[in-house]
Amino acid sequence: MNLFAEIEADVRAALATLQEQGKLAEGLDTSRLTVEPPRDASHGDMATNAAMVLAKAAGQNKRDLATLLVAELLTSERIEAAEIAGPGFVNLRLDKTLWHGLVPHILATGLNYGDGAGGAKVNVEYVSANPTGPMHVGHARGAVVGDVLARLLEKTGSDVLREYYINDAGSQVDVLAQSALLRMREAQGEAIGDIPEGLYPGDYLVPVGEKLATMELPDAPDAQLQTAKSVALPMMMDMIRDDLAVLGVKHDYFLSEQSLHDDGSVDKSLDELSSKGLIYQGVLEPPKGKEPPPDWEPSPQTLFKSSDFGDDSDRALKKPDGSWTYFAPDIACHFNKVERGYTQMIDVWGADHIGYIKRMQSAVTAITGGKAQLEVKICNLVKLMRGGEPVKMSKRSGSFITLREVVEEVGRDPVRFMMLTRKNDAPLDFDFDVVKEQSRDNPVFYVQYAYARIFSVLRNATEQGVVADDAALAKAPLHTLTHEAELNLIRMLGTYPRMLAAAAQAREPHRVAFYLMELAAAFHALWNLGKEEVNLRFIQEDDAAGTLARLALIRATALTLASGFDVIGVTPQDELR
RNA sequence: GGUCCCGUAGCUCAGUCGGAUAGAGCACCAGAUUCCUAAUCUGGGGGCCGGUGGUUCGAAUCCACCCGGGAUCACCA
């Protein structure tokens, strides 16, 4: 139930009636019509811009049209008052029973409050980190943003597949295999000294080496490398899956790059583009904006005409020596998704891949003839802070901070929540000190506390002999909720479905976290009102009916919080210690 | 040089599809504990929404140009 959608329907119906009566021109474009909460609550419950949006095309005066609309809207039982304000807004005040009706609706739907339906199939690809080591903290943001985006889309009705593209074919995997073979010699008792430059130094390869040491290896170096790969890759992916599980992130589908080479998908993609005349042999310009590398020399290679689709230049599919570039299997990967029925694809990438967006979108548009589209969400850098200082990390030395370390130190839920406290494309400071604090400064705690506080009230009520189970709350006499602060909280609950729909459409999971903070603030404010005005406390000893109504309200608040927590993958706590 | 992102209060940031007097937290100042967890709340000061034009009934939001910050730019991952 989305009250805003319902009232918008009423407004549209009123406009239609005006048209039937010949008071309003037909065939108007109503796409810009909105019904939204006014910035200032004193303006009413909702406001519509209908008159302003339609007046010009209808050839009517804004205020005249607004007057007609007001008269028509007032015939509805649901609308208590309607008046013209400002430049031509129509401010609406809803019958209070409409707001009150929201509470039992939320009590009945629970975690499903705000669910949408009928969305499309969407493929969300995220993380897709190289299978060469554990997840580090930089991966955490993309993991959370992708996971919450997937949850948000599911919540609003889409059929979502969470995909992980395994880059198991590039030279980084050869390096992995070489590193593992070195660890194998170590496991066999050889003194290997420092790990040479260019190999992966991390301890996490020790178990891989130990496993290799127990095996019979072929003699040929190439064959040894293949064996090392086949052992190391699954172990790396298991480690990555475990790391992601620690964060509560799971994928439905893992697509191997190597498999795209093996089954001819890469060739097939190239053929597809070739048949559209978008492949040619050519020479690329030297890299701009910096000194060309000393070994730069122009040489012909296989190129894709991505500049036909808005990219800055054409892009290489094959290196001059004829081997594939990274771009080619990436195209195959997305073509593969399309062939599996996904015409809506969303990729979540790190900020270092910004320059890659256009060519990938160009390729998707080209290979599908525009039938499928790829959206790319960029996750900017995370800066770890401790004691007011940035935490140093060096991937080269292998001493980077792992995702697991961070989660083990501060907990899964705080990590998830903090990753959503900024727009995904803005840099984010992750401050260990703040995340572990129990105060207003810590948004995770603040929101959790609101939830726990509600349960504390409900426990207290029960102790005082109030029967506040679901059946009792469902029958609460909500008309006793008349105070502005109480109605404000209900209105806030009412915007939840609207917020979800907007966040999903904009692909902006952070809005859910911000909403939860606002809702928590509205609740804390009401709670504290009870200090100054004793008759606003939730539990009133001499007013059983009023108490029940307020408990119903805060129970609905808790359920809405829980629903939002569910979307961002955080577990609500009944009690904080 | 190209491309993308960013520029909003002293600091960190929200700002919904273009809506009314631009918001929150921190910091600062002044308050609220016999009472559902003061782990919280209330009030106050603080703004050229980077700049200039444009579109519009209306612009922090859209467009153009400029200024400042960041990322990225053969191949490589």
Side-chain angles (χ1 to χ4, degrees), chain A residues 31-34 36-40 43 47 49 51-53 55-56 62 85-89 91 129-130 132 167 170-173 175 283-290 292-293 295-299 301 310-313 315-316 319-321 325-326 350-358 378 380-381 421-423 425-429 431 434 437-443 445-446 448-450 452-454 456-461 463-464 495 498-499 501-503 505-506 508 510-511 514-515 517-518 521 523-532 534 537-539 550-551 554 575-576:
Chain A
S31 60
R32 287 164 59 223
L33 186 150
T34 64
E36 56 192 8
R39 179 173 297 160
D40 187 338
H43 289 141
N49 61 358
M52 291 183 290
V53 171
K56 196 169 188 179
K62 279 182 289 185
F89 284 102
N91 287 335
N130 283 335
T132 55
N167 293 122
S171 61
Q172 78 280 3
V173 186
V175 174
V283 178
L284 283 176
E285 300 281 308
K288 301 222 172 84
K290 55 184 181 187
D295 60 345
W296 167 264
E297 51 185 53
S299 38
Q301 54 193 133
D311 199 359
D312 318 327
S313 77
R315 304 293 176 178
K319 301 174 203 172
D321 71 5
T325 65
Y326 209 74
D352 52 341
H353 285 64
I354 284 179
Y356 210 74
I357 298 175
K358 275 194 182 171
I378 289 296
N380 218 314
L381 301 175
T421 54
R422 289 285 175 274
K423 282 180 296 211
D425 51 6
L428 170 85
D429 281 1
D431 193 324
V434 167
E437 206 171 297
Q438 296 209 333
S439 79
R440 182 73 176 88
D441 293 350
N442 179 355
F445 170 77
Y446 182 76
Q448 289 276 26
Y449 179 37
R453 205 172 212 181
I454 291 170
S456 174
V457 174
L458 293 171
R459 280 192 298 268
N460 276 317
E463 275 175 29
Q464 292 177 33
T495 61
R498 180 185 150 82
M499 178 280 299
Q505 204 201 354
E508 290 187 351
H510 75 276
R511 290 194 200 179
F514 278 87
Y515 172 84
M517 290 190 268
E518 275 182 46
F523 169 75
H524 284 310
L526 182 59
W527 191 93
N528 273 271
L529 268 185
K531 291 194 166 300
E532 291 185 6
V534 176
R537 292 185 188 175
F538 302 129
I539 303 171
R550 285 173 187 170
L551 293 181
I554 64 171
E575 201 171 2
L576 300 179

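Quick caveat, the model's predicted, so the values are computed rather than measured. Every chain is numbered from 1 and lettered A, B, ... according to where its sequence line falls, protein lines coming before strand lines.
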Checklist entry - Base, sugar-phosphate, or nothing for A/Thr325, non-hydrogen atoms under 4.0 angstrom? => result sugar-phosphate
Next on the checklist: The test is side-chain contact (heavy atoms from CB on, under 4.5 Å); show your working for A/Val434 and A/Asp429 and say whether it passes.
Outcome noted: CA-CA 10 Å; A/Val434 167; A/Asp429 281 1; over 6 Å; no
Checklist entry - Residues two or more places apart in sequence or in another chain: which of them pass side chain to side chain contact (heavy atoms under 4.5 Å, CB included) with A/Ala501? => result none
Checklist entry - Distance from A/Gln301 atom CD to A/Ser299 atom OG, nearest 0.5 Å? => result 6.0 Å
Checklist entry - Separation of A/Leu529 atom CG from B/C36 atom P, in whole Å? => result 16 Å
Checklist entry - Are A/Leu428 and A/Asn380 close enough, and set up right, to give a side-chain contact (heavy atoms from CB on, under 4.5 Å), and what steps lead you there? => result CA-CA 7 Å; A/Leu428 170 85; A/Asn380 218 314; over 6 Å; no
Next on the checklist: Taking the ring centre of each residue, are A/Tyr446 and A/His524 less than 6.0 Å apart?
Outcome noted: yes
Checklist entry - Partners of A/Lys531 by side chain to side chain contact (heavy atoms under 4.5 Å, CB included), sequence neighbours excluded? => result A/Trp527, A/Asn528
Checklist entry - So which heavy atom on A/Ala316 is nearest to which on A/Leu284, and how close? => result CB-CD1, 4.1 Å
Item to check | Distance, C1' atom - from B/A64 to B/U21, rounded to whole angstrom | outcome: 30 Å
Checklist entry - Looking only at atom P, what distance separates B/G68 and B/G50, rounded to whole Å? => result 16 Å
Checklist entry - Which nucleotide sits closest to the side chain of A/Val457: B/C36, B/U40, B/U72? => result B/C36
Checklist entry - Counting side-chain heavy atoms from CB outward, which of B/A77, B/C4, B/G15 is closest to A/Lys423? => result B/G15
Checklist outcome for this item: Here the distance between atom P of B/C11 and atom CZ of A/Arg422, to the nearest Å, is 14 Å
Checklist outcome for this item: Side-chain contact check for A/Asp425: nearest option of B/G15, B/C5, B/U40 is B/C5
Item to check | Nearest-Å distance for atom pair CZ/C1', residues A/Phe514 and B/G15 | outcome: 10 Å
Next on the checklist: Roughly how many Å apart are B/A22 and B/G46, using the C1' atom of each and rounding to a whole number?
Outcome noted: 14 Å
Checklist entry - Are any of A/Lys319's side-chain N or O atoms less than 4.0 Å away from OP1 or OP2 of B/C76? => result yes
Item to check | Watson-Crick and G-U pairing of RNA chain B, under 3.5 Å, as dot-bracket with | and [ ] | outcome: (((((((..((((.....[...)))).(((((.......))))).....(((((..]....))))))))))))....
Next on the checklist: So, taking the atom named CE in A/Met499 and the one named CZ in A/Phe514, what distance separates them when rounded to the nearest 0.5 Å?
Outcome noted: 12.0 Å
Next on the checklist: Are more than 12 heavy atoms, taken from residues, nucleotides or ligands other than A/Gln464, located less than 6.0 Å from that residue's CD atom?
Outcome noted: yes
Item to check | Pairwise C1' distance for B/C28 and B/C36, with rounding to whole Å | outcome: 32 Å
Next on the checklist: Regarding A/Tyr446, tell me which of base, sugar-phosphate or nothing describes its non-hydrogen contacts under 4.0 Å with the strands shown.
Outcome noted: sugar-phosphate
Item to check | Nearest-Å distance once atom P is located in both B/G45 and B/C73 | outcome: 49 Å
Checklist entry - For the pair made of CG in A/Asn130 and P in B/C76, what is the distance, rounded to whole Å? => result 13 Å
Next on the checklist: Applying side-chain contact (heavy atoms from CB on, under 4.5 Å) to A/Phe538 and A/Leu526, what does each step give before you reach the verdict?
Outcome noted: CA-CA 9 Å; A/Phe538 302 129; A/Leu526 182 59; 3.8 Å; yes
Listing time: all N or O pairs from protein to nucleotides 67-70 of chain B that are below 3.5 Å?
none

Checklist entry - Considering only the C1' atoms, how many Å lie between B/A9 and B/G15, rounded to the nearest integer? => result 14 Å
Checklist entry - Does a distance-only test, which skips hydrogens and angles, find a donor-acceptor pair under 3.5 Å between the side chain of A/His524 and the base of B/A39? => result no
Checklist entry - Between A/Asp312 and A/Asp429, which is nearer to the 5' end of RNA chain B once each is assigned its nearest nucleotide? => result A/Asp312
Next on the checklist: Nearest whole Å is fine: how far is B/C13 C1' from A/Met517 CE?
Outcome noted: 10 Å
Checklist entry - Under 4.0 Å between a side-chain N or O of A/His510 and OP1 or OP2 of B/G15? => result yes
Checklist outcome for this item: Glycosidic torsion of B/U33 (syn if within 90° of 0, anti otherwise) classifies it as syn
Item to check | Check against side-chain contact (heavy atoms from CB on, under 4.5 Å), A/Lys62 and A/Lys56 | outcome: CA-CA 8 Å; A/Lys62 279 182 289 185; A/Lys56 196 169 188 179; over 6 Å; no
Item to check | Any A/Tyr326 side-chain N or O less than 4.0 Å from OP1/OP2 of B/A74 | outcome: no
Checklist entry - Taking the nucleotide of RNA chain B with the closest heavy atom to each, which residue, A/Arg315 or A/Val173, is nearer the 5' end? => result A/Arg315
Checklist entry - Can you tell which of B/U40, B/A74, B/C36 lies closest to the side chain of A/Gln301? => result B/A74
Item to check | Gap in Å between the two C1' atoms, one belonging to B/G25 and one to B/C66, rounded | outcome: 34 Å
Next on the checklist: For A/Tyr356, give me all partners under side-chain hydrogen bond (donor to acceptor under 3.5 Å, both in side chains), at least two apart in sequence or on another chain.
Outcome noted: A/Asp330
Item to check | Euclidean distance, atom CG of residue A/Asp431 to atom P of B/C11 [Å, nearest integer] | outcome: 18 Å
Next on the checklist: In this structure, how many angstroms lie between the P atom of B/C4 and the NZ atom of A/Lys358, rounded?
Outcome noted: 4 Å
Next on the checklist: Strictly under 4.0 angstrom, non-hydrogen atoms only: write out the protein contact profile of nucleotides 17-32 of chain B, one letter per nucleotide from the 5' end, B, S or -.
Outcome noted: B-BB-S--SS------
Next on the checklist: Do A/Thr421 and A/His510 have side chains that approach each other closer than 4.5 Å (heavy atoms only, starting at C-beta)?
Outcome noted: no
Checklist outcome for this item: For A/Val173 and A/Asn167, the nearest pair of non-hydrogen atoms, with its separation, is CG2-O, 3.6 Å
Next on the checklist: Could you tell me how far B/A77 sits from B/C17 if I compare only their C1' atoms? Round to whole Å.
Outcome noted: 39 Å
Next on the checklist: Nearest whole Å is fine: how far is B/C36 C1' from A/Arg550 CZ?
Outcome noted: 12 Å
